[in-house]
Amino acid sequence: MSPTVHRHSLAVFLSLIGAAAQSQQAAPTVLQLPAGARALALGDVFIAGRGSDVMFYNPAMLALVPGLSASVQRYGAASTLGSVSSVFSAGPIAAGIGAQLLDYGAESPGATRSTLATLSARGSVPSASTATTLAIASQFKGVRLGVATKYVEERVGLARDGGAAFDVGAGRDFFGRATLGLVAQNLGAPLQVNGMKLDLPMKATLGAAVVSPPLRTFFDLAATAAVTYRRDGKWIPAGGVELNYVPLDGWVFTGRAGARRTAGEFGARPLTLGAGVSFDRVSLDYAFQSFEGPEAAHRVGLRLR
């Protein structure tokens, strides 16, 4: 291929990114919010995570820990966010199904949630944002590959629109203790709500997770970090740490902390905290994030493996 064609292709690619970055409106809102209690506590980084809710972050990682997860989050007394997911394996193939729902109130029939500063203030117009996900993953020459297809919808008052969105992800383990992941999410056509064109919140994320050797007899430490490039042209670095205490066989007590560049996301502050307790195949998780003003978000999740 000639250098002229290469330059032309690069110019077209950059112009498309520039056009996408100019858009400040995005929907559905639920795809711009945390999808699990553990992920929220770790700065909303879960691209190399373990568990069924990883399908919302990187479908390539589905096969690692089959099971069922459910969580619910409250933004003050204004909005409710929830998710449920289930993953099973059949030989070399892993498949999963999940759903996310946000119940909120818009300020007016012509408003969209993405125009509002915070989810902690409820407007007078009943609104909802939903996404239903089907995902599949397998492994090829040591590389995990996964794809997810979603039906997404945004409803503001009596106006609504829905459509398809897609995620494509990959992951690979290194040295038995590190995992690297790459994913492109929310690929698809815009929605139209109340006459407004709302692009899907497309983004690409590169991230990693590392588990340390046992620190002492009863402790181990894990860390995760990622950087996301969003459709609006913003780079979002984030990361978190997780300390596990295992006093008895089958019992695990966990503390988590994370941080992310929020870039004005619904009035959220950067720091997140969380904790968890597991016994055998059952885990209960909690996460906390504060917002501008007196409000905060609390999320509780249950996992069955």
Side-chain angles (χ1 to χ4, degrees), residues 34-58 60-74 81-90 94 96 98 137 139 144 171-181 207-226 238-260 271-290 296-305:
R38 287 178 297 163
L40 175 58
L42 294 170
D44 202 25
V45 178
F46 213 58
I47 186 173
R50 304 290 192 270
S52 63
D53 46 356
V54 77
M55 77 168 64
F56 303 125
Y57 293 89
N58 185 359
M61 307 301 291
L62 281 181
L64 295 182
V65 184
L68 173 70
S69 299
S71 64
V72 63
Q73 180 170 333
R74 284 288 289 170
L81 172 66
S83 67
V84 61
S85 59
S86 179
V87 170
F88 62 91
S89 296
Q139 185 168 299
R144 298 187 181 94
R172 186 182 177 96
D173 294 335
F174 294 91
F175 312 114
R177 293 189 175 273
T179 303
L180 184 68
V210 178
V211 178
S212 73
L215 301 179
R216 289 193 177 183
T217 305
F218 303 115
F219 292 92
D220 63 73
L221 181 69
T224 185
V241 294
E242 179 179 86
L243 180 65
N244 295 308
Y245 172 57
V246 188
L248 298 169
D249 186 31
W251 282 95
V252 182
F253 296 90
T254 304
R256 303 182 179 100
R260 67 182 285 108
L271 297 180
T272 59
L273 297 170
V277 59
S278 301
F279 175 69
D280 196 14
R281 297 180 178 272
V282 181
S283 300
L284 183 65
D285 299 296
Y286 167 77
F288 169 86
Q289 184 175 32
S290 64
H298 302 269
R299 189 170 192 132
V300 177
L302 177 67
R303 292 179 284 136
L304 303 176
R305 298 184 296 281

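Only a predicted model underlies this, so the values are computations on that prediction, with no experimental measurement involved.
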Task: Modelled atom types, side-chain donor and acceptor of Ser52 and Ser86, under 3.5 Å - done: no
- [ ] Kindly say whether Ala208 contributes a backbone atom to a donor-acceptor pair with the side chain of Thr224 at under 3.5 angstrom?
- [x] yes
Open item on the list: Side chains of Tyr245 and Asp220, heavy atoms from C-beta outward: is any pair under 4.5 Å?
Closed with: no
TODO: Please round to the nearest 0.5 Å and tell me the distance separating atom OG of Ser283 and atom CZ of Arg38.
DONE: 7.5 Å
TODO: Please report the C-alpha distance between Ser278 and Arg303 in whole Å, then the side-chain angles of each, then the deciding distance to 0.1 Å, and finally whether the side-chain contact (heavy atoms from CB on, under 4.5 Å) criterion is met.
DONE: CA-CA 9 Å; Ser278 301; Arg303 292 179 284 136; 4.0 Å; yes
Task: Side-chain donor/acceptor of Thr179 to backbone N/O of Asp173, under 3.5 Å - done: no
Open item on the list: Measuring only between side-chain heavy atoms, which start at C-beta, is Leu284 closer than 4.5 Å to Val300?
Closed with: yes
Task: Whether Ser212 side chain and Leu221 backbone form a donor-acceptor pair below 3.5 Å - done: yes
Open item on the list: Using only atom types and a distance under 3.5 Å, with no angle test, would you say the side chain of Arg260 pairs donor to acceptor with the backbone of Gly43?
Closed with: yes
TODO: To the nearest 0.5 Å, tell me how far Asn244 CG sits from Phe219 CZ.
DONE: 10.0 Å
TODO: Please name the pair of heavy atoms, one in Gly98 and one in Phe56, separated by the smallest distance, quoted to 0.1 Å.
DONE: CA-CZ, 4.0 Å
Task: Shortest non-hydrogen contact between Leu81 and Pro34, atoms and distance - done: CD2-O, 3.4 Å
Task: Closest non-hydrogen atom pair, Met61 against Ile47 - done: CG-O, 3.5 Å
Open item on the list: I'd like to know if Asp285 and Arg256 make a salt bridge, using a cut-off of under 4.0 Å between side-chain N and carboxylate O.
Closed with: yes
TODO: For Phe46 and Asn58, run side-chain contact (heavy atoms from CB on, under 4.5 Å): C-alpha distance rounded to whole Å, both residues' side-chain angles, the deciding distance at 0.1 Å, then the answer.
DONE: CA-CA 8 Å; Phe46 213 58; Asn58 185 359; over 6 Å; no
Open item on the list: Do Tyr57 and Asp44 pair up side chain to side chain, a donor and an acceptor below 3.5 Å, judged on atom types alone?
Closed with: yes
Open item on the list: For the backbone of Leu40 and the side chain of Thr272, can you confirm whether one donor and one acceptor N or O come within less than 3.5 Å of each other?
Closed with: yes
TODO: To the nearest 0.5 angstrom, please state how far the CZ atom of Phe253 sits from the CZ atom of Phe279.
DONE: 10.5 Å
- [ ] Begin with the C-alpha distance, continue with both residues' side-chain angles, and end with the deciding distance and a verdict on side-chain contact (heavy atoms from CB on, under 4.5 Å) for Leu68 and Leu302.
- [x] CA-CA 8 Å; Leu68 173 70; Leu302 177 67; over 6 Å; no
TODO: List the atom of Ala94, the atom of Ser89, and the distance in Å for their closest heavy-atom pair.
DONE: CB-OG, 4.0 Å
Task: Over all atoms of both residues, closest heavy-atom pair of Asp53 and Ser85 - done: N-OG, 3.3 Å
TODO: Examine distances only and state if a side-chain atom of Arg299 and a backbone atom of Ala41 form a donor-acceptor pair shorter than 3.5 Å.
DONE: no
Task: Pairwise distance CG(Leu304) to OG(Ser69) - rounded to 0.5 angstrom - done: 8.0 Å
Task: Minimum-distance pair of heavy atoms, taken over all atoms of Leu42 and Val241 - done: CD2-O, 3.4 Å
Task: Distance in Å, His298 NE2 paired with Gln73 CD, rounded so as to fall on 0.5 Å steps - done: 9.5 Å
Open item on the list: Just verifying a value: how many Å separate Arg50 CZ and Arg305 CZ, rounded to the nearest 0.5 Å?
Closed with: 13.0 Å
Open item on the list: Taking CZ in Phe88 as the centre, count heavy atoms belonging to other residues, nucleotides or ligands within less than 6.0 Å. Is the count above 12?
Closed with: no
